[in-house]
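Here's the structure we're looking at; comments come further down.
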Amino acid sequence: MCKGKTHWIIPDGYIPPTSSGELVSHESVCVLNLNADEITVTINAYFEDREPILGMNTQVPGQRTRHIRTAHIESSNGVSIPAGVPYAMEVIASKPAFVQYSRLDSTQAENALMSVMAYSVDKD
């Protein structure tokens with residue numbers, strides 16, 4: 001029996017556009033795959049004022065974790081999530097896994113780090 005879920009919603013996405021100091025502002029979707037096999041993770045981004053970016057895929061090897069920087073993942077046609085624009089994410093895994101969302105905001109000298117478990121919409 002595999003542990004985890006396959007579908008999550010992260011309503012508060014935002015890639016800080018600037019950084020202060022040595023740490024780079026960023027956000028990550030952290031995926032833990034406890035399965036023996038590799039899984040595919042698909043991220044869909046939804047915006048207030050533009051069309052969604054759908055089908056941003058990445059692989060997570062079996063019994064491994066992957067920290068997916070949302071500024072670095074692209075759709076099949078090369079479109080990526082812009083910095084400084086609020087959005088929401090849908091995360092879908094091909095097999096059960098665990099998803100955590102983190103944001104490091106270093107736009108000021110006083111860094112802020114937020115990390116939460118993503119909201120699963122799987123039916124139990």
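If you're wondering where the values come from, they're calculated on a predicted model, not measured in any experiment.
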Which is it for N44 and I92 under the side-chain contact (heavy atoms from CB on, under 4.5 Å) test, yes or no, and what are the steps along the way? CA-CA 8 Å; N44 298 316; I92 303 166; 4.0 Å; yes
Could you go through the side-chain contact (heavy atoms from CB on, under 4.5 Å) check for I10 and V91 one step at a time? CA-CA 8 Å; I10 302 170; V91 180; 4.2 Å; yes
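Using a 4.5 Å cut-off between side-chain heavy atoms of Ile, Leu, Val, Met, Phe, Trp and Tyr, with links allowed through other members, V85 and Y101 fall into the same hydrophobic cluster. In this structure, V99 is not a member of the same hydrophobic cluster as Y46, with clusters built from ILVMFWY side-chain heavy atoms closer than 4.5 Å. Note: the hydrophobic cluster containing F47 also contains M89 (ILVMFWY, side chain heavy atoms under 4.5 Å, direct or indirect links).
The minimum heavy-atom distance between C30 and S102, with the atom names listed, is SG-OG, 4.5 Å. A pairwise comparison of heavy atoms in A36 and Q63 identifies CA-CG, 4.3 Å as the closest pair. The shortest heavy-atom contact between I15 and P82 is CD1-O, 4.1 Å. Nearest heavy atoms, A93 versus W8: CB-CZ3, 3.9 Å.
Once rounded to the nearest 0.5 Å, the distance linking CG of N33 with NZ of K3 reads 13.0 Å. Atom CD of Q59 sits about 10.0 Å away from atom CD1 of I68, to the nearest 0.5 Å.
Formation of a donor-acceptor pair under 3.5 Å by the T65 side chain with backbone atoms of V31 is found in this model.
Residues H7 and E90 form a side-chain contact, since some pair of their non-hydrogen atoms from C-beta on lies under 4.5 Å apart.
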Kindly list each side-chain donor-acceptor pair under 3.5 angstrom involving residues 49-56, sequence neighbours excluded, with atom names and distances?
none

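With R66 as the partner, the side-chain contact (heavy atoms from CB on, under 4.5 Å) test is satisfied by one option alone out of L32, V60, V41: V60.
For the 3.5 Å distance criterion, the side chains of N57 and T40 fail to qualify, holding no donor opposite an acceptor. For N35 and D37, the side-chain atoms include no donor-acceptor pair closer than 3.5 Å.
Judged as a side chain to side chain donor-acceptor pair (under 3.5 Å), and not counting sequence neighbours, the contacts of S75 are N77. By the side-chain contact (heavy atoms from CB on, under 4.5 Å) test, T6 pairs with P96, D122, sequence neighbours left out.
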